[in-house]
Student: 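Please find one structure pasted underneath; my questions will follow.
Below, read A as the first sequence line, B as the second, and so on, with proteins coming before strands; counting in each chain starts at 1.
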Amino acid sequence: MTVLQAASISQSFSDKQVLNKIDLRLDEGRIYSIIGPNGSGKSTLLHALSRQLKPDAGDVYWKEHNLYQLAPKKVAQELALLAQVNDLMDLTVEQLIAYGRTPHKSMFQRLDEDDQEIIDEAIHLTKLDSLRKRNVSHLSGGERQRAWIALCLAQQPKVFFLDEPTTYLDISHQLDVLEIVSRLKETRDVTVVMVLHDLNHAATYSDEVIVVREGHIYGQGIPKEVMNQEMFKEVFHVQSDIYEDEHDDLLRIVMKPLKK
Amino acid sequence: MSKKEALRDRAGWKGFIVAVFVILLVISTIFSIQFGAVNIPLKDIWAALTGDIQSDFQNIIWNIRIPRTFVAILVGANLAVAGVLLQGIMKNPLADPYIIGVSSGAGLAGMIVLILYPHLPHILTPVAFIGATIVAFTVYGLAWEKGIAPTRIILAGVAVSAFLGSGISALMVFYSDRVQGTIDFMVGGLSARSWPQVEVILPYSILGILFAMIGIRKMNLLMLGDRTAKSLGARVEWIRFSMTAVATLLAASAVSVVGLLGFVGLIVPHTARLIVGNDYRVLLPVSIFLGAAILTASDTVGRIVFAPIEIPVGVIMGALGAPFFLYLLRRKMV
């Protein structure tokens with residue numbers, strides 16, 4: 001079932017056309033990776049889909065509703081965004097995560113036992129149990145990223161957007177983040193949309209990749225269909241060797257600079 | 001987990017810490033009523049308050065000390081709340097009520113009245129208030145472009161303030177013979193402030209603080225960053241606009257009554273942050289009581305150290321508050 005749909009959305013920033021009449025459909029319970037070179041419009045597309053930035057033209061639909069005509073709070077009960085950059089917070093891990101319950105509470109309503117259970121589960125899923133009373137600003141980069149992810153999980157979204165969630169993390173923490181995301185899809189049927197820079201991560205962890213080039217969708221589909229030598233050459237300007245791993249059936253991509 | 005964090009986490013801590021600052025305010029209020037050109041024994045204050053007309057100090061207490069203390073409390077609270085809101089909205093530790101042009105607006109408008117229309121002292125407060133509000137909204141308008149970026153509003157505020165500041169300087173140069181009468185207004189003072197000033201500021205204090213309290217949760221969300229706040233359903237632009245408006249009215253009403261009293265709006269919120277952290281549920285009430293207490297205490301000190309000469313509260317605030325703040329800053333760093 002289609003949960004999110006973009007209908008001919010366009011966006012420009014001071015004369016530069018960043019998105020150009022993009023059409024897109026995202027189905028329930030799948031993991032999508034948006035890939036593309038710098039400045040191709042990946043993050044802008046993510047922001048348009050997650051109600052962060054109303055596009056200049058075109059519409060985004062959440063199921064049958066126009067996303068930008070729904071109340072922000074209503075949308076926040078369905079969609080969550082992990083921002084690319086998050087400030088240091090003078091809060092404990094648990095306090096930070098508790099903010100995820102905000103969209104489900106009225107203005108003066110306090111958190112109850114059900115909320116606490118949801119918060120505990122988010123903490124557990126992100127393996128932060130032993131750090132729950134620790135100040136967020138004292139955590140390592142990887143722990144901090146997990147804490148912000150847990151905040152989004154406590155929001156109990158149907159669609160989870162992640163804007164370059166692995167940037168600045170070392171490899172084991174990158175994989176931690178991606179494993180959490182893929183477990184989420186399996187256990188809760190959450191639709192995941194993430195902007196990724198690492199193309200091997202995109203090939204490994206996505207059901208579908210969305211390739212963006214100069215504000216257009218270059219291609220969308222399962223990694224094996226979309227990620228081929230021609231695409232890497234045309235979109236990323238690199239030469240590539242692509243192997244299929246016989247154990248897990250996944251793609252392994254080795255990239256080299258394009259021969260002049 | 002550090003000791004401080006453990007303490008902060010303890011139930012009842014919030015109530016306790018707020019109570020401490022309430023007590024601080026009560027003590028400084030009693031001192032402010034008690035000490036001055038004449039010192040009034042506590043029993044006479046009690047007698048005056050309970051309506052025992054035999055007290056000789058009845059007049060001093062009811063018409064001078066109490067209203068003046070009242071003005072100090074309200075001005076201190078207003079500036080502190082305005083500062084604590086603006087620091088959160090602008091995400092800038094240097095943001096204070098003056099960054100949005102409130103002081104330069106009130107300053108130029110006030111100087112025009114004091115220098116060009118010295119025979120109309122009663123219009124000083126309303127004119128200064130209007131000047132402060134107009135300039136603050138002008139700064140906001142200049143910074144607007146599909147929303148407000150904190151950096152833009154701070155830069156616009158600095159530029160507009162510099163522009164109006166040159167106007168103030170020009171007035172002082174052209175009418176140097178009349179500058180003497182403007183000093184109290186320019187440094188901020190509580191001398192001769194009484195019930196009329198209470199009437200001016202009280203409605204803004206009540207409404208402003210009420211709206212600020214309604215905004216507590218929203219201010220906490222803003223702290224998480226614009227994108228996360230939006231993702232959690234907050235209307236970020238609306239929160240920025242409405243809370244800036246609240247801060248403007250609080251600060252404008254304060255400066256129109258006591259003049260360009262700097263410092264409170266910057267130092268009090270920071271001191272409160274250093275002590276209680278960034279959660280607005282505690283930060284806001286603590287800022288209110290701390291701002292009120294510091295201004296009331298500073299004014300009392302200004303009245304008694306060189307009595308019968310009064311030192312404007314703005315001078316005392318700077319002289320005592322700044323070193324204290326630096327002390328707190330160093331302590332936190334170690």
Side-chain angles (χ1 to χ4, degrees), chain A residues 13-14 43 46-47 50-54 56 70-96 98-110 130-138 148 151-152 154-155 157 159-161 163, chain B residues 1-11 13-14 87-88 90-93 145-147 149-150 210-211 213-240 242 269-270 272-283 332:
Chain A
F13 295 118
S14 50
S43 282
L46 192 81
H47 290 150
S50 57
R51 204 192 193 279
Q52 288 278 333
L53 174 84
K54 190 182 190 314
D56 295 336
L70 290 172
K73 195 168 173 168
K74 180 96 187 88
V75 174
Q77 293 167 1
E78 315 279 359
L79 315 182
L81 170 80
L82 175 71
Q84 192 179 121
V85 182
N86 289 305
D87 294 337
L88 291 177
M89 285 292 128
D90 183 23
L91 293 171
T92 65
V93 169
E94 195 172 10
Q95 286 169 339
L96 177 70
Y99 278 109
R101 298 308 298 153
T102 310
H104 301 275
K105 296 274 133 183
S106 68
M107 204 158 147
F108 297 106
Q109 212 177 355
R110 285 167 173 276
S130 62
L131 300 171
R132 60 192 301 157
K133 299 285 179 198
R134 194 79 79 74
N135 194 302
V136 176
S137 57
H138 299 165
W148 285 95
L151 160 76
C152 298
Q155 218 175 318
V159 183
F160 186 10
F161 297 91
D163 194 356
Chain B
M1 184 164 51
S2 75
K3 241 189 207 165
K4 202 166 142 202
E5 283 167 28
L7 191 68
R8 264 190 220 167
D9 218 41
R10 204 179 295 163
W13 181 81
K14 278 180 225 157
Q87 283 168 13
M90 307 299 167
K91 299 210 173 111
N92 188 310
E145 193 193 318
K146 283 187 184 173
L210 188 72
F211 281 124
M213 287 170 76
I214 291 173
I216 282 177
R217 282 199 179 183
K218 307 288 180 193
M219 290 301 298
N220 275 342
L221 281 182
L222 218 53
M223 194 171 70
L224 300 173
D226 285 15
R227 296 238 177 266
T228 304
K230 262 192 193 176
S231 164
L232 290 169
R235 297 170 198 260
V236 171
E237 293 303 344
W238 167 244
I239 297 171
R240 281 233 160 81
S242 57
H270 273 295
R273 264 177 223 276
L274 286 171
I275 301 170
V276 302
N278 288 318
D279 185 342
Y280 275 83
R281 284 172 299 178
V282 194
L283 182 59
K332 178 90 173 182

Student: Hey, does A/Q84 have a side-chain heavy atom less than 4.5 Å from the side chain of B/R227?
Tutor: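 SC-SC contact between B/R227 and A/Q84 ruled out.
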Student: A/Q109, A/R101, A/H104: which one forms the most heavy-atom pairs within less than 4.5 Å of chain B?
Tutor: A/Q109
Student: Measuring heavy-atom distances to chain B, does A/Q52 have an atom under 4.5 Å in its side chain, in its backbone, in both, or in neither?
Tutor: both
Student: Using every non-hydrogen atom in the two residues, find where B/L232 and A/Y99 come nearest and quote the distance to one decimal.
Tutor: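 Closest approach of B/L232 to A/Y99: CD2-O, 3.6 Å.
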Student: Could you state the interatomic distance from OG (B/S231) to CZ (A/R51), rounded to the nearest 0.5 Å?
Tutor: 11.5 Å
Student: Side chains of A/L81 and B/T228: does their closest heavy-atom pair fall under 4.5 Å?
Tutor: no
Student: Specify the closest pair of heavy atoms between A/A76 and B/G233, including all atoms of both residues, with the distance to one decimal.
Tutor: CB-N, 3.4 Å
Student: Report which part of B/I214 has an atom under 4.5 Å of a heavy atom belonging to chain A: side chain, backbone, both, or neither.
Tutor: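 Interface part for B/I214: both.
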Student: Could you look at A/L96 and say if it's the side chain, the backbone, both or neither that has a heavy atom under 4.5 Å from chain B?
Tutor: side chain
Student: Quick one: list whatever passes side chain to side chain contact (heavy atoms under 4.5 Å, CB included) with A/K74, sequence neighbours left out.
Tutor: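 A/K74 satisfies side chain to side chain contact (heavy atoms under 4.5 Å, CB included) with A/A71, A/Q77, A/E78 only.
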Student: Heavy-atom distances under 4.5 Å only: say whether A/L91 touches chain B with side chain, backbone, both or neither.
Tutor: side chain
Student: Of the backbone (N, CA, C, O) and the side chain (C-beta and beyond), which part of A/H47 lies under 4.5 Å from a heavy atom of chain B, both, or neither?
Tutor: side chain
Student: How would you list all residue pairs meeting salt bridge (charged side-chain N to carboxylate O under 4.0 Å, His left out) that involve residues 231-240 of chain B, not counting sequence neighbours?
Tutor: B/D226-B/R240
